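Being a predicted model, the structure only gives us computed values, none of them experimental. The basis for the numbers below is simple: all heavy atoms, side chains too, and nothing from hydrogens, waters or symmetry mates.
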Amino acid sequence: MTEIDGMGTERALCVLAENPSAMTLDGTNTWVIAEPDADEAVIVDPGPKDAKHLKRVLDTVEAQGRRIGLILLTHGHPDHSAGAGKLAGMAGGKVKVRALDPRHRLGDEGLSEGDVVTTGGLELRIMETPGHSHDSLTFWLPADGAVLTGDTVLGYGTTVLEGKLGDYLSSLERLRKFAADTEAATILPGHGPKLDDPIAALDYYLDHRRERLAQVEAAVAAGARTAREVVERVYADVDKSLWPAAEQSVQAQLDYLNGR
């Protein structure tokens, strides 16, 4: 498996947060992104409000001879966003935090479909990819052929759905087409190792969702009525500590099957 801390591309470097768990895998991937000759870096997903991790992020940027020019969030879950305000303060207090959801911004600038971030001479293009959460974004770094997916696509395993399954399937299908059209070279996820075959990764995600949906349909046909009852049938071989998260995803699938 790829070494996660320190992985990346020419312009993107991962600083791994020390918050591993069943939900965060090895921890949150914080991305330091900069043009080779730039004096400013963009931080994607500063991670939890953990002083040790945030200092590592700042030290990494300073070791590159740069300063933090901007902080971006792929979505507002605390393991990605909670440290944003503190990191902005550590970086000098004038750094903005941009996100789709206004609740997670610092400053008056948000992020939405079609935006292009150019801080430090970068080109980062923004796509709205709801499903994992209502505010999930994907960032395209064309110079490296890299897609930063947050929790929409993980380095291994599959993501939990907080939003609607229909939205999530549409997001995956869009990303699959986008990766093919642009000949994307790698996926840089919010957790887990980078994926150097984006098409295969997205095909796996789409196939997995379709298989799970068929299993949920079969469980309902066999008499399961609640998300919990479906989980007990479909996820019987999964560690029970993960059942609450599975139940959330199953509810999204039941809503989808019921036209909601």
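Residue Glu18 qualifies as open at atom CD: its count of foreign heavy atoms under 6.0 Å is 12 or below. Residue Tyr256 qualifies as open at atom OH: its count of foreign heavy atoms under 6.0 Å is 12 or below. By the neighbour-count criterion of 12 heavy atoms within 6.0 Å, atom CZ of Arg212 is densely surrounded, having more than that number from other residues, nucleotides or ligands.
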#### Entry: side-chain contact (heavy atoms from CB on, under 4.5 Å) evaluation trace for Ile4 with Leu25
CA-CA 11 Å; Ile4 296 171; Leu25 307 183; over 6 Å; no
### Message
Go through it in stages, so that I can follow the logic: the residues are His191 and Thr28, the test is side-chain contact (heavy atoms from CB on, under 4.5 Å), and I'd like the CA-CA distance, side-chain angles, deciding distance and then a yes or no.
### Response
CA-CA 5 Å; His191 303 279; Thr28 300; 3.4 Å; yes
### Task
Walk me through it: do Ile43 and Leu72 pass the test side-chain contact (heavy atoms from CB on, under 4.5 Å)?
CA-CA 6 Å; Ile43 306 300; Leu72 306 179; over 6 Å; no
#### Entry: Worked check of salt bridge (Lys or Arg N to Asp or Glu O under 4.0 Å) between Arg125 and Asp115
CA-CA 6 Å; Arg125 296 189 170 271; Asp115 284 349; over 6 Å; no
### Message
Applying salt bridge (Lys or Arg N to Asp or Glu O under 4.0 Å) to Glu40 and Lys94, what does each step give before you reach the verdict?
### Response
CA-CA 13 Å; Glu40 284 187 316; Lys94 295 181 180 179; over 6 Å; no
### Task
Take Arg56 and Asp50 through the salt bridge (Lys or Arg N to Asp or Glu O under 4.0 Å) test and state the conclusion after the steps.
CA-CA 10 Å; Arg56 276 195 71 215; Asp50 177 88; over 6 Å; no
### Query
Run the side-chain contact (heavy atoms from CB on, under 4.5 Å) check on Val153 and Thr158 step by step: do they pass?
CA-CA 7 Å; Val153 178; Thr158 55; over 6 Å; no
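A side-chain donor from one of Thr138 and Thr129 sits under 3.5 Å from a side-chain acceptor of the other. Residues Thr186 and Asp196 have side chains that bring a donor and an acceptor to within less than 3.5 angstrom of each other. No side-chain donor from either of Ser133 and His77 sits under 3.5 Å from a side-chain acceptor of the other.
Looking only at side-chain heavy atoms (C-beta outward), Thr30 and Leu16 stay at 4.5 Å or farther from each other. Using a 4.5 Å cut-off on side-chain heavy atoms (C-beta onward), Tyr168 and Thr159 make contact. By the 4.5 Å heavy-atom criterion applied to side chains, Tyr204 and Leu206 are not counted as neighbours. Residues Leu188 and Val147 fail the side-chain proximity criterion, which asks for heavy atoms closer than 4.5 Å. Taking 4.5 Å as the limit, some side-chain heavy atom of Glu128 sits within range of a side-chain heavy atom of Ser112. In this structure, Val116 and Thr118 have side chains that are in contact, with non-hydrogen atoms separated by less than 4.5 Å. Between Asn29 and Met7 there is a side-chain heavy-atom pair separated by less than 4.5 Å. Put simply, the side chain of His80 reaches to within 4.5 Å of the side chain of His75, judged on heavy atoms.
Across all non-hydrogen atoms, the minimal contact from Ala12 to Trp31 is CB-CE3, 4.1 Å. Taking all atoms of both residues into account, the shortest heavy-atom contact from Ala88 to Ile71 is N-CD1, 3.8 Å. Taking all atoms of both residues into account, the shortest heavy-atom contact from Leu100 to His134 is CD2-O, 4.1 Å. Heavy atoms only, all atoms of each residue included: Pro193 and Tyr156 are closest at CD-CD2, 3.5 Å. Here the closest heavy-atom approach between residue Ser249 and residue Val160 is recorded as OG-CA, 3.5 Å. Contact between Gly190 and Asp151 at its shortest, heavy atoms only, is CA-OD1, 4.2 Å.
Taking NZ of Lys96 as the start and OG1 of Thr119 as the end, the distance is 9.5 Å to the nearest 0.5 Å. With values rounded to the nearest 0.5 angstrom, Asp5 atom CG is found 10.5 Å from Asp26 atom CG. Ser171 OG to Leu202 CG: the interatomic distance, rounded to the nearest 0.5 Å, is 11.0 Å. Here the CG-CG distance, from Leu124 to Leu141, works out to 5.5 Å after rounding to the nearest 0.5 Å. Rounding to the nearest 0.5 angstrom, the gap separating the CD1 atom in Ile33 from the SG atom in Cys14 is 10.5 Å. Atoms CD and CD, on Glu247 and Glu229 in that order, are 10.0 Å from each other to the nearest 0.5 Å.
Criterion: ILVMFWY side-chain heavy atoms under 4.5 Å apart, direct or through other members. Under it, Val97 and Ile126 are not part of a common hydrophobic cluster. Residues Val42 and Phe139 are members of one and the same hydrophobic cluster, defined by side-chain heavy-atom contacts under 4.5 angstrom among Ile, Leu, Val, Met, Phe, Trp and Tyr. Taken together through direct or relayed side-chain contacts under 4.5 Å among Ile, Leu, Val, Met, Phe, Trp and Tyr, Met90 and Leu70 form parts of separate hydrophobic clusters. Leu169 and Ile187 fall within the same hydrophobic cluster, defined by Ile, Leu, Val, Met, Phe, Trp and Tyr side-chain heavy atoms under 4.5 Å apart, directly or through other members.
Between the side chain of Trp243 and the main chain of Ala236, no donor-acceptor pair closer than 3.5 Å is present.
The only option from Arg210, Lys177, Arg176, Arg209 that meets the salt bridge (Lys or Arg N to Asp or Glu O under 4.0 Å) definition with Asp203 turns out to be Arg176.
Salt-bridge annotation for Arg225 and Glu232: absent, with no side-chain N of the basic residue lying under 4.0 Å from a carboxylate O of the acidic one.
Close placement of the Trp140 and Phe178 rings is indicated, their centers lying within 6.0 Å of each other.
In this view, Arg11 and Glu35, Asp144 satisfy the side-chain hydrogen bond (donor to acceptor under 3.5 Å, both in side chains) rule, not counting sequence neighbours.
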